[in-house]
Amino acid sequence: MSTAPDLTQTTAPAVTTPGFDDVLAAAARIAPHAHCTPVLRSRSLDALAGCELHFKAEHLQRVGAFKFRGACNAVWSLAEADAARGVVTHSSGNHGAALALAARTRGIPCHVVVPDNAVAAKVAAIGAYGATLHYCAPTIAAREAACAKVQAETGAELVHPYTDPRVIAGQGTAALELLGRDGGFDALVTPLGGGGLLGGSAITAAAMSAGTRVFGAEPTGAADAFQSLQRGERVTELVPDTICDGLRGLLGAPNFALLRQHRVEVLLADDAATMQALQLFWQRTKQLIEPSSAIALAAVLGNRERFAGQRVGVILSGGNVDLEALGKWFARG
Ligand SMILES: Cc1ncc(COP(=O)(O)O)c(C=O)c1O
């Protein structure tokens with residue numbers, strides 16, 4: 001890991017970012033617990049996209065998302081005495097479930113702070129993996145205050161969903177498997193929320209396959225990373241509005257530094273394009289991916305000329321479909 005001045009900001013303090021050694025260490029650490037997910041191909045999608053698509057199927061990962069990789073690495077990185085005090089996070093989505101399951105693999109307590117308006121099915125899943133739930137008002141300030149209270153009371157270690165270097169390194173292991181198995185990619189595309197998956201993937205691609213260009217796929221209604229890279233400073237005020245519930249997090253400071261360092265490009269897709277890609281993927285492959293995954297395919301389809309004739313790796317980040325939200329979307333036509 002390296003602590004470097006954050007050259008991307010004039011006033012911000014140094015940020016800590018992981019390196020490729022940390023990704024390799026994470027891969028070894030999580031190997032007994034995480035699945036090595038398959039890579040899927042579809043001739044008809046290749047024909048439609050005009051390129052060769054290799055889909056890394058993280059919707060088939062434990063808890064149904066790549067999030068288990070980072071959470072598992074964080075949990076198994078802890079020294080024995082720290083681990084015994086447990087872990088805490090605030091998340092009503094895939095990271096909460098991932099941290100709960102990772103903690104269970106180590107037999108340690110896990111606390112998850114959830115907003116009291118969170119989707120009931122997702123909260124139930126976090127509870128089912130054995131986490132203690134702490135409800136709070138649906139604001140960032142309330143979530144952070146509730147986390148701090150749990151930390152003060154229990155000594156639990158905070159595991160942030162995308163800025164924690166252990167999490168970023170863990171997320172980089174999906175690209176490690178993909179690039180290690182099938183080399184020679186011209187491009188690698190991943191969904192982009194807070195930038196843990198994209199940051200980890202960029203570290204891995206730079207070390208393993210310098211000729212591979214790395215792209216993040218971000219919703220038009222949550223384009224803070226796109227704007228941040230354009231402006232050269234992190235946009236922190238945007239209020240996300242997108243059906244991609246996993247992509248509503250704002251780009252983190254270490255994630256921003258990694259994206260700039262590795263010259264990552266962000267491609268935007270609106271929700272309509274993402275839902276078209278989702279339907280297409282469901283129909284052609286019979287695989288249940290969520291909108292936050294489908295956006296990566298939407299970004300490729302929306303930028304055919306960029307990828308024409310190329311070999312493209314796509315990380316399908318998860319498959320935890322919010323059927324209620326999707327039902328409403330399809331009902332609206
Ligand atoms: C399915 C899915 N895809 C992508 C993301 C975005 O990941 P990151 O915040 O690391 O960019 C998330 C985050 O929750 C997610 O659940």
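Just so you know, these numbers use all the heavy atoms, side chains as well, and skip hydrogens, waters and symmetry mates. Atoms within a ligand are numbered from 1 in the order they appear, just like the ligands themselves. Heads up: numbering here begins at 1 and tracks the sequence.
Using 4.0 Å as the threshold, H95 has no heavy atom nearer than that to any atom of ligand 1. At least one heavy atom of L247 sits less than 4.0 Å from an atom of ligand 1. Using a 4.0 Å cutoff on heavy atoms, Q171 does not count as a contact of ligand 1.
Among protein heavy atoms, atom 7 (O) of ligand 1 sits closest to F66 CZ, 3.4 Å. Atom 14 (O) of ligand 1 has its closest protein heavy atom at K67 CE, 3.1 Å. Annotation: atom 3 (N) of ligand 1 to nearest protein heavy atom, S317 OG, 2.7 Å. At the shortest separation from atom 9 (O) of ligand 1 among protein heavy atoms lies G194 N, 2.9 Å. At the top of the distance list for atom 12 (C) of ligand 1, counting protein heavy atoms only, stands G246 O, 3.3 Å. Of all protein heavy atoms, the one lying nearest to atom 16 (O) of ligand 1 is N94 ND2, 2.7 Å.
Of all the heavy atoms of E290, the ones lying under 4.0 Å from any atom of ligand 1 belong exclusively to the side chain.
Between F68 and Y129, the distance separating the two ring centers is not shorter than 6.0 angstrom.
Less than 4.0 angstrom separates some heavy atom of G196 from each of these atoms of ligand 1: 8 (P), 10 (O), 11 (O).
Under the side chain to side chain contact (heavy atoms under 4.5 Å, CB included) rule, T190 has a single partner from V264, L197, I295, which is L197. Residue T89 forms a side chain to side chain donor-acceptor pair (under 3.5 Å) with just one option from H95, R143, H160, and that option is H95.
Of the N or O atoms in L197, one or more lie within a sub-3.5 Å distance of an N or O in ligand 1. Some N or O of G193 is nearer than 3.5 Å to an N or O of ligand 1, by distance alone.
Shown here is R41, whose CZ atom has more than 12 heavy atoms of other residues, nucleotides or ligands within 6.0 Å.
E144 has its side chain out of reach of V113: every pair of non-hydrogen atoms, C-beta onward, lies at least 4.5 Å apart.
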- side chain to side chain donor-acceptor pair (under 3.5 Å) between H59 and S293, worked out: CA-CA 8 Å; H59 60 297; S293 289; over 6 Å; no

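Summarising the geometry, atom CZ belonging to R69 is positioned 8.5 Å from atom CD belonging to Q171; distances are rounded to the nearest 0.5 Å.
Considering A98, A296, G195 only, the shortest heavy-atom separation from atom 11 (O) of ligand 1 involves G195.
Following chains of ILVMFWY side-chain contacts shorter than 4.5 Å, one can reach V314 starting from F215, so the two form part of one hydrophobic cluster.
Note: H33 and W76 have parallel aromatic rings, judged against thresholds of 30 and 60 degrees for the angle between ring planes.
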